[in-house]
Amino acid sequence: MGKEPIFSSEVLHSISRDIAWHYRVIPYDIKENEIHFYMDKAGDKRALEDELAIMFDEKIFLIETPGTQIELWLNKYYFGEKVTEQQDFVKNLVFNTDFLDNLIFEAKQLKSSDIHIETYENRCRVRVRIDGMMVERYVLQKEDYPALINKIKIMANLDIAEKRLPQDGRIHYRRNQDQFDIRVSVLPTLHGEKVVLRLLNNNATNIQLDALGMSDEDYENYLHGVKKPNGILLISGPTGSGKTTTLYATLKHLNKTTNNILTIEDPIEYTLEGVNQVQLKENIGLSFGAALRTFLRQDPDIIMVGEIRDPDTANMAIRAALTGHLVLSTIHTNSAWGTVSRLIDMGIPNFLIANTLNTTVAQRLVRTLCPSCKEIQPMLEAQYPKQFKPYFHVEQQAVAVGCPSCYYTGFKGRKAVYEIIPMDQGLVDEIKKGNMQVDELLKERKIKTLGENAFELFAQQQTTLEEIYPLLFNY
C-alpha cells in the first residue's frame with residue numbers, strides 16, 4: 001500500500017474493538033454523515049457496506065485492503081482478539097495493589113521509559129512509551145480511574161484531596177531483585193487528572209562508553225575531549241535523546257580512585273559508586289549555579305552538571321573550566337556547532353568560549369527495525385526526500401512491517417546517532433572572530449554530521465528513511 005496512513009486516536013475509537021475484529025474493518029476518516037473504512041478484500045463489500053450503514057446510520061465508504069494488512073492494523077490498534085478478557089482482567093485488578101504493581105513491572109520488562117495514565121470524557125487508557133513511541137496497553141472503566149489515581153498519590157506521598165493543582169512526587173519500587181525510583185507527575189486536565197510515571201533506571205552496570213554506537217572516528221574524537229584535564233564538554237539534543245546516558249558512560253570511563261568527581265543532577269537517574277552525586281533542590285536554593293560555587297571549594301577534578309539552562313550556570317561552568325577542571329554537561333541546541341551560538345546567547349564572551357570549550361556533541365536516538373519482521377525492498381530514486389542529495393547510492397532498503405515481537409510497530413530498540421566536533425586552533429580562531437559559518441572547516445576535518453551518520457545507519461538496513469528524515473535536514 002506504500003506509506004502507512006496516519007490513524008487518529010479519535011477516529012480509531014469511533015468503533016469498538018469487538019466490531020473492528022468481527023467485521024475486520026479499520027476506520028480512517030469521519031466526515032459529516034460519512035464514515036470511511038479499510039476492509040479485508042476477502043469479504044463481501046456490498047453486504048458489509050449495507051450492514052455497517054444500518055449499524056451506524058451513516059453513509060459508508062470502504063477501501064478493499066489485503067487481509068494481512070488488516071490483520072496487522074487490528075493487532076496494532078485493537079490489541080488482538082482477547083481484548084475483552086484483558087479488559088475484564090484490568091477491571092478485576094484495578095482495586096488491588098496487584099494491578100499497579102504488575103503494570104509497573106510489565107513496563108520495566110518492556111524497557112519502557114514512561115507510563116501514561118489518562119482520562120477522557122468517556123474512557124480512560126494506559127499507554128507506555130517504548131523506544132520513544134507511545135503504545136496503548138490497557139483501557140480502564142471510567143468509574144475505576146479515581147481509585148487508581150489515589151493509589152498512585154498515596155504511594156508517592158501526594159495530597160489525594162488536591163485535584164486542581166499539578167503535583168510531583170517519587171516512588172521507590174521494589175519487586176524481587178528489582179528496585180528503582182519512579183518520578184510521578186500529576187496534571188489536572190479537562191476530564192480529570194493525568195498521571196505520568198517516569199521509570200528511572202538506577203543500575204548503571206551495563207552503560208559502557210564504547211557500546212553507545214559511536215563510529216570509530218567519533219569515538220576517537222570524543223575520547224580526545226574526555227582525556228583533556230580541563231575545559232567544557234557539552235552534549236546537545238532534545239529531551240529523551242540519550243544525553244544523560246552518554247554522560248554517565250563518560251563518568252564511568254573517568255571514575256578512577258585518582259579522580260575526585262562531583263555531579264549536580266535533576267534527577268539522579270543512576271547511582272555510581274565512587275562519584276559524589278548531588279540532587280538539585282531549587283525550592284531550598286540548591287540550584288545548578290549554587291552547587292557549582294560550592295563544588296569549586298571541594299577540590300574537584302571532574303564536574304558534571306545535569307544541564308546548562310541559564311546564564312548563571314553557564315558562567316559558573318566557564319569559571320570551573322578556567323580554573324583547571326573538566327566540566328561535563330548538556331545543553332539544548334539543534335546541532336553540535338549550535339552550542340557555540342547558545343552560549344553566546346547566554347552572554348558568555350566569545351574569547352571565554354574559545355578558551356574553555358573543548359568538545360561539542362549533538363545526539364539523537366533512532367529506532368532500529370525489528371529483525372523478526374523487517375523486509376528488504378528495492379530503493380527507488382523517487383523515494384528520497386525532496387532537496388536531499390544522498391551521500392552514496394543505496395540499492396536496497398529495509399522497511400518496517402510489524403509482528404507480535406515488536407507490538408506491530410515494526411521497530412525494536414534504538415540506537416544513538418552522534419555528531420562530534422573536537423575543538424582545534426582553526427575553530428577556536430573562528431569563535432574568537434565571531435564567525436559561525438564553519439561548514440567548510442568541518443568538512444576539511446571530515447566531521448560527520450548527524451544526517452550523514454543517520455544515513456549510514458539506513459544504508460546498513462538498520463532503520464528506515466522515514467525514521468531518519470528529521471536528521472537529514474538538521475542544520
Side-chain angles (χ1 to χ4, degrees), residues 4 6-9 12-13 75-79 86 90 99-120 123-140 145 148-149 152 155-156 166 168-171 173 175 178 180-187 189 193-203 206-207 213 237-246 248 266-267 269-270 330 332 363-370 400 402-417 463-464 466-468 470-471:
E4 178 169 323
I6 297 173
F7 297 97
S8 76
S9 179
L12 287 170
H13 289 288
N75 278 290
K76 184 174 180 179
Y77 299 114
Y78 293 102
F79 320 118
Q86 185 195 64
V90 173
F99 173 67
L100 185 56
D101 183 71
N102 289 337
L103 174 63
I104 294 170
F105 183 74
E106 177 192 49
K108 193 66 175 178
Q109 297 302 110
L110 295 172
K111 298 181 179 178
S112 170
S113 59
D114 304 270
I115 302 170
H116 291 244
I117 303 170
E118 307 162 308
T119 180
Y120 301 96
R123 54 187 287 274
C124 307
R125 66 178 178 181
V126 176
R127 295 189 292 171
V128 296
R129 189 179 292 279
I130 303 173
D131 296 333
M133 298 297 289
M134 301 290 277
V135 177
E136 192 168 312
R137 295 294 292 168
Y138 301 109
V139 174
L140 308 178
Y145 191 78
L148 179 60
I149 300 304
I152 294 170
M155 291 176 68
D168 295 306
R170 206 175 185 93
I171 297 171
Y173 178 84
R175 177 163 172 169
D178 284 320
F180 53 89
D181 289 330
I182 301 169
R183 191 167 59 182
V184 180
S185 175
V186 181
L187 177 70
T189 69
E193 293 176 291
K194 169 184 168 68
V195 175
V196 176
L197 308 178
R198 165 65 63 89
L199 310 186
L200 305 175
N201 186 0
N202 297 333
N203 183 10
N206 298 322
I207 301 176
T239 302
S241 60
K243 302 187 298 294
T244 304
T245 300
T246 300
Y248 276 110
D266 182 32
E269 294 194 24
Y270 302 91
T330 68
H332 285 286
Q363 177 175 346
R364 301 290 189 277
L365 289 177
V366 172
R367 289 188 299 165
T368 52
L369 286 161
C370 174
C403 67
S405 177
C406 59
Y407 306 99
Y408 299 91
T409 62
F411 295 89
K412 197 169 188 180
R414 290 188 289 178
K415 194 166 185 177
V417 177
T463 190
T464 65
E466 289 81 4
E467 183 68 16
I468 66 167
L471 302 185

| Can you name the closest pair of heavy atoms from Arg414 and Thr368 and give their distance? | N-OG1, 3.9 Å

| task | Quick one: closest heavy-atom pair of Ala416 and Leu365, and the distance? | result | CA-CD2, 3.8 Å

| query | Can you name the one residue among Leu100, Thr119, Leu103 that meets side chain to side chain contact (heavy atoms under 4.5 Å, CB included) with Leu148? | reply | Leu100

| field | Full working for side-chain contact (heavy atoms from CB on, under 4.5 Å) between Glu467 and Phe411 | value | CA-CA 10 Å; Glu467 183 68 16; Phe411 295 89; 4.2 Å; yes

| note | For Gln363 and Pro238 the tightest heavy-atom approach is O-CD, 4.3 Å

| request: Give the ring-plane orientation class for Phe180 versus Tyr173, where under 30° counts as parallel, over 60° as perpendicular and anything between as tilted. | output: tilted

| query | Taking C-beta and beyond as the side chain, do Arg170 and Leu200 meet within less than 4.5 Å on heavy atoms? | reply | yes

| message | To the nearest 0.5 Å, what is the distance between CG on Leu197 and CD1 on Ile117? | response | 5.0 Å

| Taking the side chain as C-beta and beyond, is there a heavy-atom pair between His332 and Thr239 under 4.5 Å? | yes

| Can you tell which of Arg125, Arg127, His116 makes a side chain to side chain donor-acceptor pair (under 3.5 Å) with Glu136? | Arg125

| task | Output all residues satisfying ring pair (Phe, Tyr, Trp, His ring centres under 6.0 Å) with Tyr408, sequence neighbours left out; order by chain, then residue number. | result | none

| query | Can Arg137 and Glu106 be said to form a side-chain contact (heavy atoms from CB on, under 4.5 Å), step by step? | reply | CA-CA 10 Å; Arg137 295 294 292 168; Glu106 177 192 49; 2.7 Å; yes

| task | Quick one: closest heavy-atom pair of Ala400 and Thr464, and the distance? | result | N-CG2, 4.0 Å

| field | Pro166 to Leu187 - nearest heavy-atom pair and separation | value | CG-CD1, 4.3 Å

| Would you find a donor on one side and an acceptor on the other, under 3.5 Å apart, between the side chain of Lys108 and the backbone of Leu199? | no

| Nearest heavy-atom neighbours spanning Ile207 and Thr245 | CG2-O, 3.7 Å

| CZ on Phe7 to NE2 on His13, rounded to 0.5 Å | 13.0 Å

